[in-house]
Amino acid sequence: MRIARFSIDGNVAFGAVEGDGPDGLVLDIIKGIPYSEFELSGTKVPLNKVRLLPPVLPNKVVAIGRNYAEHAAELGNEVPDVPVAFFKPTTSVIGSGDAIEYPSFSDEVHHEAELAVVIGRMCREVPRERVKDVVFGYTCANDVTARDAQKREKQWARAKGFDTSCPLGPWVETDLDPTDLAIQATVNGEQRQLGRTSDMIRSIEDLVVHITEAMTLLPGDVILTGTPAGVGPLHVGDEVAVTIEGIGTLTNKVIKRG
């Protein structure tokens, strides 16, 4: 099932995405929240009549760096012995169709297409065999990065945590095998990145186990699983799209921060 979060007439709701093709999609409004048992209301609205919001509002986004060997190599880095984890704040999260605001402190902003894992229940110290039980679903992500600031400042808080640096969407797919999916990023229709989740150094199970050894994850929290090779620059006026097989396409325009 595809679960979207949206606004219509000033109201925010979750809905199940039904139908095929951009003009044939409708949302069946969900009663309650999707992390627990819910019912479909039967009240349906066309997708093109609503504004899609970030599919979740995470308490935290835990991102993983250098989880694809070719990406680590393209930036001159070794594959780390343990997963490299960092946070992106909630203020960095935007939805499909929202604008990425080019930060004033950077001259080199890059796209990073990623598979995002959405957590469905509160969990800590999750054993490998229980990881599937705590995952709500998967969505597309763009770990937008101020590359020059990342190199200059060493700590990644500003480089990867600036406002609008974490597009998520367009919705969460709850019924998906994430082990071998194509991930693609295009800029103005030109392909920049193309990889597969099977090339991850550490699996989703590895990442959930590693992260929950240290911290509690809450429903709606998000894990970014790393990006394949091909990262590159974004400029004001560009349109960047992240497409993941079995999920859909996350699209954002880059604008000057006003």
Side-chain angles (χ1 to χ4, degrees), residues 1-17 22 25-30 32-36 38 45 47-64 86-103 109 111-122 134-145 160-174 176 178 183 185 217-227 234 239-244 246-255 257:
M1 180 177 288
R2 293 172 290 178
I3 305 293
R5 182 170 161 269
F6 65 95
S7 66
I8 184 170
D9 298 329
N11 298 308
V12 175
F14 289 93
V17 183
L25 295 177
V26 297
L27 291 162
D28 192 335
I29 297 175
I30 288 172
I33 59 173
Y35 306 120
S36 56
F38 64 85
V45 292
L47 187 68
N48 59 14
K49 298 296 184 182
V50 308
R51 178 192 171 201
L52 284 178
L53 301 174
V56 292
L57 282 180
N59 175 270
K60 53 188 168 293
V61 177
V62 186
I64 302 297
F86 58 94
F87 293 108
K88 292 175 81 80
T90 56
T91 48
S92 69
V93 175
I94 59 174
S96 189
D98 293 336
I100 298 167
E101 298 181 359
Y102 206 107
V109 171
H111 57 82
E112 295 192 6
E114 309 204 7
L115 175 70
V117 181
V118 179
I119 299 299
R121 62 176 65 179
M122 185 169 69
V134 306
V135 172
F136 175 63
Y138 305 89
T139 192
C140 306
N142 193 344
D143 178 18
V144 183
T145 302
K160 287 179 171 285
F162 62 87
D163 289 354
T164 73
S165 66
C166 189
L168 298 174
W171 41 64
V172 177
E173 174 57 68
T174 63
L176 187 70
I183 303 179
L217 295 177
L218 302 176
D221 280 351
V222 171
I223 299 172
L224 305 189
T225 58
T227 192
L234 293 172
E239 183 176 82
V240 56
V242 175
T243 301
I244 299 181
I247 299 177
T249 299
L250 165 71
T251 304
N252 302 93
K253 193 80 175 281
V254 182
I255 66 171
R257 177 174 288 181

Qualifying side-chain hydrogen bond (donor to acceptor under 3.5 Å, both in side chains) pairs with a residue from residues 1-15, counting only residues at least two apart or across chains: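 Every pair satisfying side-chain hydrogen bond (donor to acceptor under 3.5 Å, both in side chains) with a residue in residues 1-15: there are none.
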Show which side-chain atoms of residues 247-255 pair as donor or acceptor with protein atoms under 3.5 Å away, not counting sequence neighbours.
| from | atom 1 | to | atom 2 | distance (Å) |
| --- | --- | --- | --- | --- |
| Thr249 | OG1 | Thr243 | OG1 | 2.8 |
| Asn252 | ND2 | Gly95 | O | 2.9 |
| Asn252 | ND2 | Asp98 | O | 2.8 |

Any residue meeting side chain to side chain contact (heavy atoms under 4.5 Å, CB included) with Met1, in chain and number order, not counting sequence neighbours: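 Per chain and number, Met1 pairs via side chain to side chain contact (heavy atoms under 4.5 Å, CB included) with Ile3, Ala16, Phe38, Thr174.
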For Val26, check side chain to side chain contact (heavy atoms under 4.5 Å, CB included) against everything at least two apart and list the hits.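 Val26 satisfies side chain to side chain contact (heavy atoms under 4.5 Å, CB included) with Glu18, Lys44 once adjacent residues are dropped.
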Taking C-beta and beyond as the side chain, do [X] and [Y] meet within less than 4.5 Å on heavy atoms?
X	Y	value
Val117	Tyr138	yes
Tyr35	Ile119	no
Ile100	Thr164	yes

When rounded to the nearest 0.5 angstrom, what is the spacing between CD1 in Ile94 and CG in Leu53?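 Going from the CD1 atom of Ile94 to the CG atom of Leu53 covers 12.0 Å.
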For Asp143, which residues count as a salt bridge (Lys or Arg N to Asp or Glu O under 4.0 Å) partner, sequence neighbours excluded?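 Lys88, Lys160.
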Please name all residues satisfying salt bridge (Lys or Arg N to Asp or Glu O under 4.0 Å) with Glu173, sequence neighbours left out, ordered by chain then number.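 In terms of salt bridge (Lys or Arg N to Asp or Glu O under 4.0 Å), with neighbours along the sequence ignored, Glu173 is linked to no residue.
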Take atom CZ in Arg51; do more than 12 heavy atoms of anything else shown fall under 6.0 Å from it?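 Open.
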Is there a donor-acceptor contact under 3.5 Å from the side chain of Asp221 to the main chain of Lys60?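 Checked: pair present.
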